[in-house]
Amino acid sequence: MLTDFQSPYLTPNYWSEWLLVSFLLLTGVIYWTMSKRLGFQVIYLTLLSLSFGFIITMYFPYLYTEDELLPLTHPHIQAAVTLFTFFIPLVKRRIEIGLCLAPPVLISVCYLFLQNTPVFSIVGGIMIGGFISYMYYRSLDWMGAMPEPYLFSFAIILPLFIAALIFSVSSFLILPGILLGLGTGATIEQFKVRVLIRKANMTAKLLSLLLGSTGLIIGYLLFTFSGFDSAFSYALVGIVTGLWISLLVPGLLRVTKLYDNQGKHREII
């Protein structure tokens, strides 16, 4: 395993933290205002790709050159590519495809010129991130045939496996924590809260977006200035973040009657 000194990608900074917050805000918008099913898929897949990127960086050999060690991937670029290429099969027009490709290209260029990221790592992140999205859509057939309780069980158990792999870098435990909170919260929400998003009016959706986004940003700022720096605190913050996105915000929307509930019917995630 490489140390922080050997791998700057394994050292958290404000740039990487705000990029993670941006991913959560963007995918949270989908979960709170468009579709719980689609939102859960894109949040989970993006964070899964980011986690895999760090695991690859930690455990897989680097490419040795005369000047430097080149990681096989860049976790942030990999996650960005996974996030935005996720939408390509869902759009039809060329301009929409271009809009899906523009953000990861922009992020890659920023890392290339502002962070001096090696081209090799950028290309690796693009290829692996795109491959993860591709494999997700290829697996939809057998995933659709899997009973729902098994899917939720898998979504809850997988973060524990990821946590065991990245436990040595305590700050990264926030990622499996978020995944665990998402899986647990989505499961409870489907059976206990069951908010109905599609029929909500625009005002309700804007208020839900304001509520969810404000909570994420305030939570990030509070944790940043709290001084907590232990494995437990990172994992706990991750779990609370996942629960906030998938359970607490929908619960508040139902309590405040901004969104209706689905009654005896429920939207399968």
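Minimum interatomic distance between Met58 and Ser168 (heavy atoms only, all atoms of both residues): CE-OG, 3.4 Å. Between Ala231 and Leu173 the shortest heavy-atom distance is CB-CD1, 3.5 Å. Contact detail for Gly129 and Thr82: the closest heavy-atom pair is O-OG1, 2.9 Å. Considering all non-hydrogen atoms of both residues, Leu182 and Ser246 come closest at O-OG, 3.5 Å. Between Ser208 and Thr33 the shortest heavy-atom distance is OG-CG2, 3.6 Å. In plain terms, the two heavy atoms of Ser213 and Trp32 that are nearest each other are N-CZ3, 3.7 Å.
A distance of 6.0 Å or more separates the ring centres of Tyr234 and Phe172. Between Phe40 and Tyr31, the distance from one ring center to the other does not fall under 6.0 angstrom.
Taken together through direct or relayed side-chain contacts under 4.5 Å among Ile, Leu, Val, Met, Phe, Trp and Tyr, Ile178 and Leu221 form part of one hydrophobic cluster. Met135 and Ile88 are assigned to two separate hydrophobic clusters, defined by single-linkage of ILVMFWY side chains at heavy-atom distances under 4.5 Å. Two different hydrophobic clusters hold Leu99 and Leu106 under the rule that ILVMFWY side chains link at heavy-atom gaps under 4.5 Å. The cluster map of Ile, Leu, Val, Met, Phe, Trp and Tyr, joined by side-chain heavy atoms under 4.5 Å apart, puts Ile77 and Leu101 in different clusters. Leu253 and Val255 fall into different hydrophobic clusters, defined by Ile, Leu, Val, Met, Phe, Trp and Tyr side-chain heavy atoms under 4.5 Å apart, directly or through other members.
Ring orientation note: the planes of His76 and Phe54 are nearly perpendicular, at an angle over 60° on the 30°/60° scale.
The structure places CD1 of Ile132 at 14.0 Å from OH of Tyr137, a figure rounded to the nearest 0.5 Å. The line from OG of Ser133 to CZ of Phe84 is 11.0 Å long, rounded to the nearest 0.5 Å. Distance check, rounded to the nearest 0.5 Å: CG of Leu175 to CG of Leu179 gives 7.0 Å. In this structure, the separation between CG on Leu19 and CG on Leu50 is 8.0 Å, given to the nearest 0.5 Å. Between the CZ atom of Phe87 and the OG1 atom of Thr85 there is a distance of 9.5 Å, given to the nearest 0.5 Å. Note: Ile30 CD1 to Ile43 CD1 = 7.5 Å, rounded to the nearest 0.5 Å.
When only modelled atom types and interatomic distance are considered, Thr187 and Thr184 share no side-chain donor-acceptor pair under 3.5 Å.
Formation of a donor-acceptor pair under 3.5 Å by the Tyr136 side chain with backbone atoms of Val42 is not found in this model. Under the 3.5 Å distance criterion, the side-chain polar atoms of Arg254 are matched with a main-chain donor or acceptor of Val193. At least one donor-acceptor pair under 3.5 Å links the side chain of Ser121 to the backbone N or O of Pro71. Thr214 places no side-chain N or O within 3.5 Å of a backbone atom of Leu211 that could act as its donor or acceptor partner.
Heavy-atom contacts from other residues, nucleotides or ligands closer than 6.0 Å to CG of Leu114 number more than 12. Other residues, nucleotides and ligands place no more than 12 heavy atoms under 6.0 Å from the CZ atom of Phe131.
A heavy-atom distance below 4.5 Å is found between the side chains of Leu38 and Leu90. For the pair Leu24/Leu47, a side-chain contact is recorded, criterion being any heavy-atom separation below 4.5 Å from C-beta on. Contact check for Ile162 versus Leu48: side-chain heavy atoms found under the 4.5 Å cut-off.
For the pairing with Glu189, the salt bridge (Lys or Arg N to Asp or Glu O under 4.0 Å) check across Arg194, Arg37, Lys36 returns one residue only, Lys36.
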Before giving the answer on side-chain contact (heavy atoms from CB on, under 4.5 Å), spell out for Ile245 and Val249 the whole-Å C-alpha distance, their side-chain angles and the decisive distance to 0.1 Å.
-> CA-CA 6 Å; Ile245 295 173; Val249 171; over 6 Å; no
